[in-house]
Amino acid sequence: MMQRLPICEVQTDLEKKFTKNRITILVGETGSGKSTQIPQFILRMSNGTEKIAVTQPRRVAAINLAKRVAEETKTTLGQDVGYTVRFQNMSGPNTKIKYLTDGMLLRELLLRTSLDQYTTIILDEAHERTIITDLLMGFLKTLLQTRVNLRLIVMSATLDADRFSRFFDGAEVLYVQGRRFPVQRYFLSKPVEDIVDATVRTAIQIHSSEPMGDILAFLAGQEDIDKVVDTLNDMIRSLPVGLPELVALPLYAALPPQQQLKVFEKVPGNKRKIIIATNIAETSLTISGVRYVIDGGTQKVKVWRHDLGLDSLLTMPISKSNAAQRMGRAGREAAGKCYRLYTETDYGGLRSQMEPEVERCDVSFPILTLKLAGVTDVLGWNWLERPSKAAIMSALMQLYTLKALDDEGKITELGKKMAVLPLPPHLSAVLLDAYQKGIADAVLDIVSCLSIENLIMNPHPDKRDEVNGKRLPFITASGGMGDLVVLRNYVQHYRSLLSSEEKKEWCKELHINYRAMSNVEDVRKQLESYLKAGSANSKSEDKSAKLGPSILNEQIIQCFLTGFVSNTALRLPGKTYRTIAGGQNINVHPSSSMFDKKVDAIMYTEYMFTTKAYARNVSPIDLQWLQQIAPHFLSRRTAGSDY
DNA sequence: GAGCACTGC
């Protein structure tokens, strides 16, 4: 018989609280069953009259929870219990418990404003502090003043509930126990010098002295992970006789899907599996059979520098909350052990939570969202965590440059259209400009590619020449017009292939992610329909197919320039460029088709610091285009600099 | 001549 969930023992208590309180903060550890049980409690105590929305930061979580609750309630998925995520709606007008991504609820909020189809809203995993969950909390705080019959439950897996409680004017905090097995933790007595070496040695030590059970190791990035996997594979041959075999597997998001699936396969016979992963294994993917965790103590974090318009990818220490989450991965099915590759003193110095996303990202998207919702004073809005004044000012400037806001900071008609497209503001601006110019058909291909992650994959060093050879014809066909045109060439060729077998085979040869490519097609369809719905009265005929390739490509780049004026740079002697906006040195990334081309000026869609400052998705531009599209930008920026 | 964590509409 299934073991009773801890939460069921306090069911009547909780129901009393939910009846009394309009806003409740509920802290429940992993395994408490809060995500599946609380919505059912609410439904039962109302005799089935409530309509409940439960948000999740990730799509798979929303889908899986809905499936489980439909099973538990013995109903058909999509009837009483359902879900809504992008591209998939398994819910109907009679759905009583609906799991949805937080992005979907935000969208419903923006398009219908009062969420009056729901009587209870549950924000789950609020401790993750995604930009969208944070925004939802701010909007709901206001909404609760007018929607007097609305109930809100904020659920968090960590003990940071005070912050939520204070935000909601002292809302009551309830705690429920989790159910998990004890995990013994170990610290190092002195700091490590080489994390790869330390991980390998710890893995071998566990393997040679501990009972069977798989190992999960957390490291910051692909480079270290690959090194550990290679080293372990070399050492496995020289393991003492009588020791079981050790199978080392990497796991990170950029890995081809097929290789990712290997970590879930059972290894046959008397073997032990060790998975070396990024923090994808911390929340997004759960692997069963893990008894031992090795925690490297770091993670990579994207940090936005609004003063430079630059993203940096930095390796940083994790937080205590991350450490707890990683440790918990060893105790899901039985007692486990966690080896932390840092000292107890280092642990003591870690911050308790990660910095919320809204404090380290470009906030032009949240600011535009607030403007669409009618917020005039974005600095004074009730932010759960307010971004710095400088970050907000920079976002306002960006939105003004994109013509989403007018001189007074009010949202324009264009801005409203931008805000409802499922794209970052820059790309919305590009697409709307293309629609107006009648070349949306072509630009849609590229914008869709840019909004999908891990589409064009890095081939392994030993396969690089072969793959680059296969890619070359598409680069040649771009006529030196840069990476955006190359992307479109890929999409067009993919689309020209008739069977899915051919498509798969071609993607494999060029190391293009097939699943991502089919997502590109879904995104394209969705964007196209939103675009048409948003401008029913100003229908213009698309001329993409009628223009000659070189004219079309020039016009494509000019459209992108309207969204990325500030992502432009002029060539210095040699192969470096200097950004027009900030006067920073910038290099064309070696994976770009423009890497060894020398042109006077470039535009790029991404500017990121890893080992150097690199421009990605690079196109050549004519300075006259810049002059036409943004004369003020060019004169203002170059007047005081040293060109 | 790089090699980049993760997620959402």
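Predicted, not measured: the structure shown is a model, and the values here were computed from it. Letters go in sequence order (proteins before strands), and every chain restarts at 1.
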Using a 4.0 Å heavy-atom cut-off, does [X] contact any base of the nucleic acid, only the sugar-phosphate backbone, or nothing at all?
| X | result |
| --- | --- |
| N279(A) | sugar-phosphate |
| E453(A) | base |
| Q299(A) | nothing |
| I131(A) | nothing |
| R107(A) | sugar-phosphate |
| V420(A) | nothing |

Consider the side chain of [X], meaning its heavy atoms from C-beta on, and name the nucleotide among [options] that approaches it most closely.
| X | options | answer |
| --- | --- | --- |
| A253(A) | dA2(B), dT7(B), dC9(B) | dT7(B) |
| Y614(A) | dC9(B), dC6(B), dG3(B) | dG3(B) |
| P590(A) | dA5(B), dG3(B), dG1(B) | dG1(B) |
| K575(A) | dA5(B), dC9(B), dG1(B) | dG1(B) |
| L313(A) | dA5(B), dG8(B), dA2(B) | dA5(B) |

Report the distance from atom [atom1] of [X] to atom [atom2] of [N], rounded to the nearest whole Å.
| X | N | atom1 | atom2 | answer |
| --- | --- | --- | --- | --- |
| F609(A) | dA5(B) | CZ | P | 16 Å |
| N587(A) | dG1(B) | CG | P | 10 Å |
| M608(A) | dG3(B) | CE | P | 10 Å |
| L368(A) | dC9(B) | CG | C1' | 13 Å |
| E357(A) | dC9(B) | CD | P | 14 Å |
| L255(A) | dA5(B) | CG | P | 10 Å |
| N519(A) | dC9(B) | CG | P | 11 Å |
| L109(A) | dC9(B) | CG | C1' | 13 Å |

For this session: Please state whether the base of dG3(B) and the side chain of R464(A) form at least one donor-acceptor pair under 3.5 Å?
Result: yes
For this session: Using the side-chain contact (heavy atoms from CB on, under 4.5 Å) rule, pick out the option among C449(A), S592(A), S619(A), S478(A) that qualifies with V486(A).
Result: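 The single option meeting the side-chain contact (heavy atoms from CB on, under 4.5 Å) with V486(A) is S478(A).
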Exercise. Could you go step by step and tell me if D102(A) and T55(A) meet the side chain to side chain donor-acceptor pair (under 3.5 Å) rule?
Worked result: CA-CA 5 Å; D102(A) 46 17; T55(A) 70; 5.5 Å; no
Problem set entry | dC9(B) phosphate, OP1 or OP2, under 4.0 Å from T101(A) side-chain N/O |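 Result: yes.
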Problem set entry | Nucleic acid contacts of residues 57-65 of chain A, taken as heavy-atom distances under 4.0 Å to DNA chain B |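 DNA chain B contact set from residues 57-65 of chain A: P57(A), R58(A), R59(A).
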Problem set entry | Cation-pi geometry met for K320(A) and Y347(A) (6.0 Å, 45°) |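 Yes - K320(A) lies over the ring of Y347(A), closer than 6.0 Å to its centre and within 45° of its axis.
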Exercise. Side chains of R129(A) and Q353(A): is there a donor and an acceptor less than 3.5 Å apart?
Worked result: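 Judged by distance alone, the side chains do not pair up.
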For this session: Sorted by first residue and then second, give each salt bridge (Lys or Arg N to Asp or Glu O under 4.0 Å) pair with at least one member in residues 604-614 of chain A; sequence neighbours left out.
Result: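 Qualifying pairs: none.
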Exercise. Relative to the 5' end of DNA chain B, which residue comes earlier, K612(A) or V301(A), by the nucleotide with the nearest heavy atom?
Worked result: K612(A)
For this session: Decide yes or no on ring-ring contact (aromatic ring centres under 6.0 Å, His included) for H426(A) and F564(A), but give the supporting numbers first.
Result: CA-CA 7 Å; H426(A) 291 276; F564(A) 292 93; 5.2 Å; yes
Exercise. Can you name the residues that form a ring-ring contact (aromatic ring centres under 6.0 Å, His included) with Y118(A), not counting sequence neighbours?
Worked result: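 With neighbours one apart ignored, the set is empty.
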For this session: Could you tell me whether F139(A) and W381(A) have their ring centroids closer than 6.0 angstrom?
Result: yes
